[in-house]
Number of protein chains: 2
Amino acid sequence: MPDRKEQILDVAEELLQTRSFSAFSYQDVSDRIGISKATIHHHYPSKDDLSLALVTRYRTSLISTLEKITQEYTTPWKQLEAYTLLVSQVMQSGHKICLTGSLQSEYEIIANETKQELANLCAFVHTWLTRLLADGKKQQMMTFPGPPEDQASLIQAALQGALQQARAHGPKQFTTVVRQIKAMLKTS
Amino acid sequence: MPDRKEQILDVAEELLQTRSFSAFSYQDVSDRIGISKATIHHHYPSKDDLSLALVTRYRTSLISTLEKITQEYTTPWKQLEAYTLLVSQVMQSGHKICLTGSLQSEYEIIANETKQELANLCAFVHTWLTRLLADGKKQQMMTFPGPPEDQASLIQAALQGALQQARAHGPKQFTTVVRQIKAMLKTS
DNA sequence: GTCTATAGCGGGATAGAC
DNA sequence: GTCTATCCCGCTATAGAC
């Protein structure tokens with residue numbers, strides 16, 4: 001237990017993505033780690049603090065991951081491939097949905113600061129996808145109607161929705177959507 | 001108050017779509033109607049009963065609405081137009097998200113019967129969209145890669161995701177996704 | 001069908017000892 | 001930093017009168 005705060009976030013994140021924000025409790029977290037509720041409160045006094053820390057860490061981590069993808073894979077297609085793989089891993093690790101979708105579903109009850117951080121997170125992903133699509137179009141490797149930012153919105157929404165649909169209809173539903181997104185972008 | 005049970009469902013549905021399942025209470029419902037909590041329990045003994053009734057009614061109502069659309073509008077394009085308008089009205093009436101997305105986000109904590117009914121609901125919409133797209137392709141008014149059921153999955157997921165994204169980024173985000181879906185289907 | 005009252009539990013959060 | 005103990009509240013659900 002090198003960093004208890006990180007350990008708490010790990011467990012809370014898992015619970016948020018499987019059960020939703022209002023459906024998990026400090027008790028749930030403390031049970032799984034094997035420490036008392038009070039200790040969690042010591043590190044994150046209120047649930048608003050906890051949720052903000054969750055989104056902030058997630059955003060930082062995602063920024064780093066996406067930048068790594070950008071550097072490692074040179075073509076837009078391989079970058080898209082890496083991104084959809086990333087999202088599919090969320091689903092495969094136990095029926096989770098994306099943190100973004102989970103919190104947006106309870107948007108009206110989360111703290112204002114968390115809302116802001118969530119918006120920043122979504123905006124970053126959107127920008128990253130937009131850049132990817134713009135590159136793909138410029139290099140004539142991808143086709144889509146309209147501006148890249150609009151197509152990015154579509155893909156972002158579809159992946160988020162597909163993760164949720166996968167809960168009711170299994171992982172096949174998700175891979176179908178991914179396949180369809182790719183087919184759609186293919187220059188025919 | 002011709003039918004109290006309907007009135008309760010009206011309020012509960014609104015709360016489910018704005019606040020989420022675990023984040024609304026019998027007290028919330030009773031406050032808004034102006035009756036006691038016990039009366040709600042009289043009509044819907046447990047929250048599981050209430051959730052099941054909500055999904056069942058929603059499904060019945062949606063089936064009727066979609067069939068009406070099918071009859072009223074003869075072309076696939078007008079049918080799609082009517083459907084996306086329907087979904088956008090959900091959003092416009094106070095930052096709601098679709099009932100389906102809300103419950104799927106809390107899939108792990110809802111009753112098994114509710115899960116089943118939710119799956120039926122999603123399946124119906126999927127079938128309806130598939131038929132619409134198959135017609136559109138057959139009449140050479142729409143184009144898309146792969147089988148119509150896969151394209152239906154994509155559109156269904158995208159609309160659900162877009163409703164949630166609209167909470168963080170405003171209604172414009174949703175209309176953008178709708179426009180992009182249509183542009184994608186256009187025979188160029 | 002509706003009410004008041006209440007049981008019983010679990011939630012978030014705090015105090016204070018170690 | 002972690003614990004036990006506790007507060008207070010709101011939750012689901014029930015009992016029983018009207």
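Per chain, numbering begins at 1; letters A, B, ... match sequence-line order. Note that the structure is predicted; figures quoted are calculated from it, not measured.
- The salt bridge (Lys or Arg N to Asp or Glu O under 4.0 Å) search around B:Lys5 returns none, not counting sequence neighbours.
- With sequence neighbours left out, B:Glu81 forms a salt bridge (Lys or Arg N to Asp or Glu O under 4.0 Å) with B:Lys182.
- With sequence neighbours left out, the ring-ring contact (aromatic ring centres under 6.0 Å, His included) criterion links B:Tyr26 to B:His41.
- Listed by chain and number, the residues in a ring-ring contact (aromatic ring centres under 6.0 Å, His included) with A:His169 amount to none (sequence neighbours excluded).
- For B:Glu113, there are no salt bridge (Lys or Arg N to Asp or Glu O under 4.0 Å) partners, not counting sequence neighbours.
- Look at CD1 on B:Ile8: it is 10 Å from C1' on C:dG1, rounded to the nearest Å.
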Base versus backbone protein contacts along nucleotides 6-11 of chain C [heavy-atom cut-off under 4.0 Å; B, S, -]: -----S
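- Closest contact between the side chain of A:His42 and the listed nucleotides D:dG1, C:dT4, D:dC3 involves D:dG1.
- At a non-hydrogen distance threshold of 4.0 Å, nothing from residues 49-57 of chain B comes into contact with DNA chain D.
- Of the candidate nucleotides C:dA13, D:dT2, D:dT14, C:dA13 has the atom lying nearest to any side-chain atom of A:His41.
- As rounded to whole Å, 15 Å separates atom P of D:dC11 from atom CD1 of B:Ile109.
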With a cut-off of 3.5 Å and sequence neighbours excluded, list every side-chain donor-acceptor pair involving residues 52-59 of chain A.
residue: A:Thr56; atom: OG1; partner: A:Leu52; partner atom: O; Å: 2.8
residue: A:Arg57; atom: NH1; partner: A:Glu6; partner atom: OE1; Å: 2.9
residue: A:Arg57; atom: NH1; partner: A:Asp10; partner atom: OD1; Å: 2.9
residue: A:Arg57; atom: NH2; partner: A:Asp10; partner atom: OD1; Å: 3.1
residue: A:Arg57; atom: NH2; partner: A:Glu13; partner atom: OE1; Å: 3.2
residue: A:Arg59; atom: NH1; partner: A:Glu117; partner atom: OE2; Å: 2.6

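- Contact annotation: A:Thr39 does not reach the phosphate of D:dT2 (side-chain N/O to OP1 or OP2, under 4.0 Å).
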Pairing string, 5' to 3', for DNA chain D - Watson-Crick or wobble contacts under 3.5 Å, brackets [ ] where pairs cross, | to another strand: ||||||||||||||||||
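- Distance, B:Ile40 CD1 to C:dC3 C1': 13 Å, rounded to whole Å.
- We find that OH of B:Tyr44 is positioned 20 Å from P of D:dC11, with the value rounded to whole Å.
- Under the 4.5 Å side-chain heavy-atom criterion for grouping Ile, Leu, Val, Met, Phe, Trp and Tyr, B:Leu103 is connected to A:Leu103 within one hydrophobic cluster.
- Of the side-chain N and O atoms in A:Arg4, none sit less than 4.0 angstrom from OP1 or OP2 of D:dG1.
- Sequence neighbours left out, not one pair with a member in residues 26-53 of chain B passes salt bridge (Lys or Arg N to Asp or Glu O under 4.0 Å).
- With sequence neighbours excluded, the residues that form a ring-ring contact (aromatic ring centres under 6.0 Å, His included) with A:Trp128 are A:Tyr83.
- For A:His95, the NE2 atom counts as loosely surrounded, since its 6.0 Å shell holds 12 or fewer non-hydrogen atoms of other residues, nucleotides or ligands.
- Every residue two or more places apart in sequence or in another chain that forms a salt bridge (Lys or Arg N to Asp or Glu O under 4.0 Å) with A:Arg131 is listed here: A:Asp135.
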